[in-house]
Amino acid sequence: MKKFAILMTAVIVSAMMATAAMAAEQITLRFAGQQPTEHLCTKMMRDFAKEIEQKTKGRVKITVFPANQLGSYELVMEELIRGTVDMSVTSFASGFDPRFDVIYTNGIVSSYAEAKKVFTPGAWLPNKLVELGKPLGVNVLGSYVEGMIGIASTKPLKEPLNPKVDKGVLVRVANMDVYNLGAKAMGFRTITIPWADIYQSLQTGVCDAVDGMSTAAAYTTLGDVMKYWYATNYSFEYLPLMVSEKAWKKLSPEDQKIFREAAKNFTLKSISTAESEDTKYMKLMEKKGIKVHKYSAKELKPIKDACVGIWDELGKRGLTPELMKGLRENLGK
């Protein structure tokens, strides 16, 4: 009986040690998002979390916090750097490095076919974003491309594909050089208006058009006031998928590989979904009586060339000549 008791004690201790080891191996990560709870991006974040948990066999669990629950994108990026937030799909806070604004440069892609080549992890631009994030302790694993950007207008544009012709409208742009210079290069006169005032500004004629909105955003935000949509695809709505370096180091090489594969899937799925969403919302626009203008990548080439033409100037305004030279050599053709 004494020997049996000793044996049972050993078994129990061994089981407890195994359980403790398993608990120690399990990692739980906090995943911050800025889109609403029901947004497609949030759904994809949850799908990403499920994929990771399944493929790591429960070693890594991810809890999703959408709708800025963990703070604004600036705060989240600061916490990523510190390692107090583990992951995010939130905007770059370019206050930490102005070169992150390269992602908003007009003229990078003109179609979703191009986007798949440009944003797949391992391509030049994703590698450059990894390079920029590394000194901060942030690992840029992938991308969420929400949709191509066009022009919403209350008036018809004059020769929308000819950058040498004044478009005949005053267009609202974000207070960023990449958008302001890009719009001017395409033939627009520009005005900066706060995001919250865009609808009223279009309604009252303070501006005639809006630059910098995806198809879905234009329809859901301005559908009752806009009369024309020009799918000029000169830029895109973009969010990076980032992991804190401190969280990354907790993962085994095997699990890091799983994360990279999942990030690639996340990126490509976002691009395919964005293309479907663009088609869906352009049909809704037409149903609402909004005149929709769609173009091929070949037709959009003059606009792309005009945007590429201001890249050197952007290099003098925070994006650095070296960065813009690399962008031109790799994506400017």
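For clarity, every value in this text was computed on a predicted model and none was experimentally measured.
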Specify the closest pair of heavy atoms between [X] and [Y], including all atoms of both residues, with the distance to one decimal.
X    : Y    : result
M148 : D278 : N-OD2, 3.6 Å
F236 : I108 : CE2-CB, 4.1 Å
M45  : A32  : CE-O, 3.5 Å
A183 : V171 : CB-CG1, 4.5 Å
K246 : K250 : O-CG, 3.5 Å

Open item on the list: Show me the pairs that pass side chain to side chain donor-acceptor pair (under 3.5 Å) and involve residues 302-311, at least two apart or across chains.
Closed with: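 Non-adjacent pairs meeting side chain to side chain donor-acceptor pair (under 3.5 Å): K301-D305.
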Open item on the list: Quick test of your reading: applying side chain to side chain donor-acceptor pair (under 3.5 Å), list the pairs with at least one residue in residues 97-106, sequence neighbours left out, ordered by first then second residue.
Closed with: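 Qualifying pairs: S94-D101, D97-R99.
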Counterpart residues, ring pair (Phe, Tyr, Trp, His ring centres under 6.0 Å), relative to [X] (two or more places apart):
X    : answer
Y230 : H293
F31  : F48
Y238 : F119

Among all residues two or more places apart in sequence or in another chain, which pass the salt bridge (charged side-chain N to carboxylate O under 4.0 Å, His left out) test with [X]?
X    : value
D177 : R317
E237 : none
K249 : none
R59  : E254, D255

Short side-chain to backbone donor-acceptor contact, [X] and [Y], under 3.5 Å:
X    : Y    : value
S270 : V145 : yes
E299 : S296 : yes
T320 : G315 : no
E114 : S110 : yes

- [ ] Please list all pairs passing the salt bridge (Lys or Arg N to Asp or Glu O under 4.0 Å) test where one or both residues lie in residues 127-141, with sequence neighbours left out.
- [x]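 Non-adjacent pairs meeting salt bridge (Lys or Arg N to Asp or Glu O under 4.0 Å): K128-E131.
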- [ ] Let me see the working for L40 and T273 under side-chain contact (heavy atoms from CB on, under 4.5 Å), right down to the final yes or no.
- [x] CA-CA 9 Å; L40 281 171; T273 301; 3.9 Å; yes
TODO: Under 4.5 Å between side-chain heavy atoms, chaining through other members, with only Ile, Leu, Val, Met, Phe, Trp and Tyr counted: pull out the rest of the cluster around M282, sorted by chain and number.
DONE: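 The other cluster members (ILVMFWY side chains, heavy atoms under 4.5 Å, direct or chained) are W195, I198, Y199, L202, V210, M213, Y219, L222, V225, M226, W229, Y281, L284, M285, I290, V292.
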Is any side-chain heavy atom of [X] closer than 4.5 Å to a side-chain heavy atom of [Y]?
X    : Y    : result
L251 : K257 : no
F100 : L136 : yes
V118 : L331 : yes

Task: For L170, side chain to side chain contact (heavy atoms under 4.5 Å, CB included) partners two or more places apart - done: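 Partners of L170 by the side chain to side chain contact (heavy atoms under 4.5 Å, CB included) criterion, ordered by chain and then number, come out as R189, I191, D208.
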